Amino acid sequence: MNDLILEARHVSYSYGSGETPSLKDLSLSIRRGRRTAVMGANGSGKSTFFLCCNGILRPDEGQIYYNGQPLSYRKKDLLSLREKVGIVFQDPDMQLFCASVYQEISFGPLNLGLPREEAAREVEAVIRRLGITPFRHRPAHALSGGQKKQVALADILVMHPELLILDEPFAALDPSHVHIIRDMIRDLEKDSSPSGPLTVVIATHDTDFALEWADEVILFSEGQVLAQGAPASVLTDRELLARASLDLPGVIKVFESLQAAGLLGADLPAPKHLDQLTDYIRHTV
Ligand SMILES: Nc1ncnc2c1ncn2[C@@H]1O[C@H](COP(=O)(O)OP(=O)(O)OP(=O)(O)O)[C@@H](O)[C@H]1O
């Protein structure tokens with residue numbers, strides 16, 4: 001099986017003739033089963049790239065490859081691609097259109113032709129798993145922003161995608177809903193589809209989350225890839241972060257100031273999260 005689930009080669013895209021291109025000769029690769037964080041300033045092209053990944057947008061130039069094959073834009077092939085590549089949009093209102101939460105989550109499996117009983121089993125399982133039971137019969141438009149995000153994720157997970165793209169899943173959430181969505185994301189590690197482990201791509205501005213969660217980070221700037229690599233190297237590079245309008249992770253700021261004060265060894269590797277930093281301190285004092 002191809003190690004790369006998705007690859008973009010020299011992709012350019014403009015929303016209209018005469019518009020500044022939103023993607024400019026962009027090339028990147030996403031490895032199967034790896035957790036990838038896509039980061040960059042507002043307007044750097046992340047959402048536009050995602051829309052190219054499931055064929056909603058077609059590049060003006062260049063090519064997207066899925067499982068080693070160039071995307072085909074025939075209707076039948078696009079429907080099949082969209083079963084495999086699920087996008088949870090930044091704004092859940094772009095995604096939710098059925099009368100009730102239950103109908104909303106059932107729509108995909110029924111539309112796919114799953115027998116009613118099997119579809120109901122799948123829907124019940126995802127409703128339980130994502131804690132949607134208390135509002136399962138409410139109309140989607142009457143939910144809070146956090147609840148809508150839970151339903152939007154359920155909508156996609158019930159389809160068992162191979163590649164799951166979450167576009168800024170924490171945007172506009174209060175801290176308790178950020179926790180709920182973070183726990184859901186951690187729980188996704190158990191998921192797999194018949195063709196292998198689930199690959200998750202998340203667009204976020206939260207460098208602490210990316211440092212802890214991701215295996216790989218891709219930085220976007222002005223429609224191009226500025227850097228792609230391990231979180232511990234990309235997210236500790238102040239110059240790269242400044243060019244992508246991102247902050248140094250908080251845990252790295254504290255780590256570096258403890259090193260500068262001589263309280264932690266200069267040779268310690270960057271911690272991935274607070275617990276690791278706490279361990280360093282415990283072993284030093
Ligand atoms: N529907 C559209 N029509 C015209 N231009 C658009 C459209 N959507 C996005 N753009 C432009 O394309 C560029 C890239 O936008 P995009 O939404 O892909 O960036 P982003 O990195 O996802 O930003 P954000 O972090 O704010 O979500 C921006 O200049 C934006 O104004």
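Owing to the predicted nature of the structure, the values given are computational and were not obtained by experimental measurement. Both ligands and their constituent atoms are indexed starting at 1 by order of listing. In this chain, numbering begins with 1 at the start of the sequence shown.
Residue contacts with ligand 1 do not include Gly40, since none of its heavy atoms lies under 4.0 Å from the ligand.
Under the 4.0 Å criterion applied to side-chain N and carboxylate O atoms, Asp187 and Arg129 are assigned as salt-bridge partners. Checked for salt-bridge contact, Asp167 and Lys46 miss the test: no charged N lies under 4.0 Å from a carboxylate O. Look at Arg186 and Glu212 and you find a salt bridge, because one of the NZ, NE, NH1 or NH2 atoms lies within 4.0 Å of a carboxylate O, short of that distance.
Given atom 24 (P) of ligand 1, the protein heavy atom at minimum distance is Asn42 ND2, 3.6 Å. Summary of contacts: the protein heavy atom closest to atom 6 (C) of ligand 1 is Tyr15 CD1, 3.3 Å. The protein heavy atom nearest to atom 11 (C) of ligand 1 is Ser22 OG, 3.7 Å. For atom 17 (O) of ligand 1, the closest non-hydrogen atom on the protein side is Ser47 CB, 3.8 Å.
Using the six-membered ring where Trp is involved, Trp213 and Phe209 have ring planes that are parallel, under 30° apart on the 30 and 60° scheme.
Close approach to Ser44 involves these atoms of ligand 1, each under 4.0 Å from a residue heavy atom: 19 (O), 20 (P), 21 (O). Near Glu168, meaning under 4.0 Å from any of its heavy atoms, are these atoms of ligand 1: 24 (P), 25 (O), 27 (O). Applying the 4.0 Å criterion to heavy atoms of Thr48 picks out, from ligand 1, the atoms 14 (C), 15 (O), 16 (P), 18 (O).
Atom 31 (O) of ligand 1 lies below 4.0 Å from none of the non-hydrogen atoms of the protein. Distance remark: protein heavy atom present below 4.0 angstrom from atom 13 (C) of ligand 1.
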Candidate pair His10 and Glu61, rule side-chain hydrogen bond (donor to acceptor under 3.5 Å, both in side chains), full reasoning: CA-CA 7 Å; His10 305 292; Glu61 284 171 49; over 6 Å; no
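Clustering ILVMFWY residues whenever any of their side-chain heavy atoms sit less than 4.5 angstrom apart, transitively, puts Val158 in the very cluster that holds Val101. Residues Leu166 and Met159 fall within the same hydrophobic cluster, defined by Ile, Leu, Val, Met, Phe, Trp and Tyr side chains chained together at heavy-atom separations under 4.5 Å.
Proximity of Ala41 to ligand 1, defined as any heavy-atom pair under 4.0 Å, is confined to the backbone N, CA, C and O atoms. Residue-level proximity to ligand 1 for Glu19 is absent, since no heavy atom of it falls below 4.0 angstrom.
Inspection of the Asp206 and Thr204 side chains reveals no N or O donor paired with an N or O acceptor under 3.5 Å. Thr207 and Asp247 share no donor-acceptor pair across their side chains, judged by distance under 3.5 Å alone.
Of the candidates His205, Lys46, Gln90, Met39, the one placing a heavy atom closest to atom 27 (O) of ligand 1 is Gln90.
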